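Here is the structure we will look at.
Because the structure is predicted, anything quoted here is derived from the model rather than measured.
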Amino acid sequence: MFQRLHGLICHADATRFEIEDGLVRHAPAALLAEETSVSSIVVDLGITARPDLLTEETDRETPVPEHNALILITADDEESAQPANLGDLVADVAIVGPSWASRTVDVAELAKPWLGAATPGPKISALFNPSGGVDSPQYRSDVQSLAEGACATFGDVGCRICFIDEGPAVFTTSISFWFASPQHAKDARATGGFEQLVYPTLIDSHSLSFVEAVEHVIVANPNIWSTTTGVEPPATN
């Protein structure tokens, strides 16, 4: 399995609907309309900084996110995870920046599945680098334990870790949490789960930032491959 994380900058004059239409409906539909080894496409839209989640231990301001959209493509072969025409497919609403080989680890799922492609509540991600800049199997195992501890504090939450396998990148690790509703996300701050992520012996606290987005998950539907005459929207979870 190959995974590639693509950073995007959306055009300033594009509306929210236009961006969603281009990045969630048009581009994935084009990539999944014909037989492909791509199994899923995860799109993060409207990425914004959440400086209110930083604690005093970080002792700095959250920088403006370098990208306001991300696309994670999972495929059976490396070429499909990094489609050459991705830039053309999103050109009306965004510019594709750098991309990185990555690996994700699913930690938790919401107790009640949701309908549609978008997660029901906000997705909040912690972005950071390892303490001392050293990545290792032990570091990745410890990050997973850190994420599991935060999930236990939050309760009903979805969680995924993304490790960047190649650089350079602004961050090398992200832990993402998505909630059952906006209110659940708001209440999560009071649990102390985000404070648990300030762990100086494991992560570089000065690299830590929090961002919020809406996640859309699009999965391939082989049932349309043999009958598609145009670009049809694929199935969503």
Note, L197 side chain near F177 side chain (heavy atom, < 4.5 Å): yes

Where P28 and G22 come nearest, the two heavy atoms and their spacing: CD-O, 4.4 Å

Heavy-atom closest pair, residues C151 and C159: SG-CB, 3.3 Å

Residue pair D142 / S145, side-chain donor-acceptor N/O under 3.5 Å: no

W100 and H67 aromatic ring geometry - parallel, tilted or perpendicular at 30°/60° bounds: perpendicular

Pairwise side-chain contact, I73 with P83, heavy-atom cut-off 4.5 Å (strictly under): yes

OH/Y139: more than 12 non-hydrogen atoms of other groups inside 6.0 Å: yes

Neighbour count >12 (heavy atoms, 6.0 Å) for atom CD, E78: no

Pair K186-D52, salt bridge (charged side-chain N to carboxylate O under 4.0 Å, His left out): steps then yes or no: CA-CA 11 Å; K186 184 177 180 180; D52 57 303; over 6 Å; no

Heavy-atom side-chain contact between T173 and L127 under 4.5 Å: no

side-chain contact (heavy atoms from CB on, under 4.5 Å) between W178 and V214, worked out: CA-CA 9 Å; W178 54 95; V214 175; over 6 Å; no

Side chain N85, main chain D88, donor-acceptor under 3.5 Å: no

Geometric cation-pi criterion R189 and F194, 6.0 Å radius, 45° cone: no

Enclosure of H11 NE2 (heavy-atom neighbours >12, cutoff 6.0 Å): yes

Minimum side-chain heavy-atom gap F163-V143 below 4.5 Å: yes

L72 side, atom CG; H6 side, atom NE2 - distance, nearest 0.5 Å: 8.0 Å

Enclosure of E79 CD (heavy-atom neighbours >12, cutoff 6.0 Å): no

L8: which of I95, L45, V90 passes side chain to side chain contact (heavy atoms under 4.5 Å, CB included): V90

Nearest-0.5 Å distance, CZ of residue R4 to CG of residue L86: 11.5 Å

Donor-acceptor pair, side chain of S37 and main chain of D76, under 3.5 angstrom: yes

Check ion pair D135-R103 (N to O, under 4.0 angstrom): no

Full working for side-chain contact (heavy atoms from CB on, under 4.5 Å) between I124 and V211: CA-CA 6 Å; I124 298 176; V211 297; over 6 Å; no

Side-chain touch Q144/I161, heavy atoms, less than 4.5 angstrom: yes

Between T119 and E215: side-chain donor-acceptor atoms closer than 3.5 Å: no

Stepwise side-chain contact (heavy atoms from CB on, under 4.5 Å) test for Q3 and T104: CA-CA 8 Å; Q3 292 183 312; T104 60; 2.9 Å; yes

Sidechain-backbone polar pair: E18 side chain, T15 backbone, donor-acceptor under 3.5 Å: yes

Atom pair OG (S99) and CD1 (I164), whose distance is rounded to the nearest 0.5 Å: 9.5 Å

Spacing of M1 atom CE and S39 atom OG [to the nearest 0.5 Å]: 7.5 Å

Rounded distance [0.5 Å steps], OG1 in T153 versus CD in E148: 12.0 Å

I175 to A147 - nearest heavy-atom pair and separation: CG2-CB, 3.8 Å

L23 and C10: CA distance, side-chain angles, deciding distance, side-chain contact (heavy atoms from CB on, under 4.5 Å) verdict: CA-CA 10 Å; L23 301 187; C10 299; 4.1 Å; yes

Gap between atom CZ of F128 and atom OG of S205 - 0.5 Å precision: 11.5 Å

Any donor-acceptor pair under 3.5 Å from W225 side chain to L32 backbone: yes

Option among I203, T172, D204 that satisfies the side chain to side chain contact (heavy atoms under 4.5 Å, CB included) test with P130: T172

Step-by-step salt bridge (charged side-chain N to carboxylate O under 4.0 Å, His left out) determination, K123 to E212: CA-CA 6 Å; K123 174 182 179 180; E212 182 175 320; over 6 Å; no

Whether N68 side chain and G46 backbone form a donor-acceptor pair below 3.5 Å: no

Test item: S207 side-chain N/O and N129 main-chain N/O as donor-acceptor pair under 3.5 Å: yes

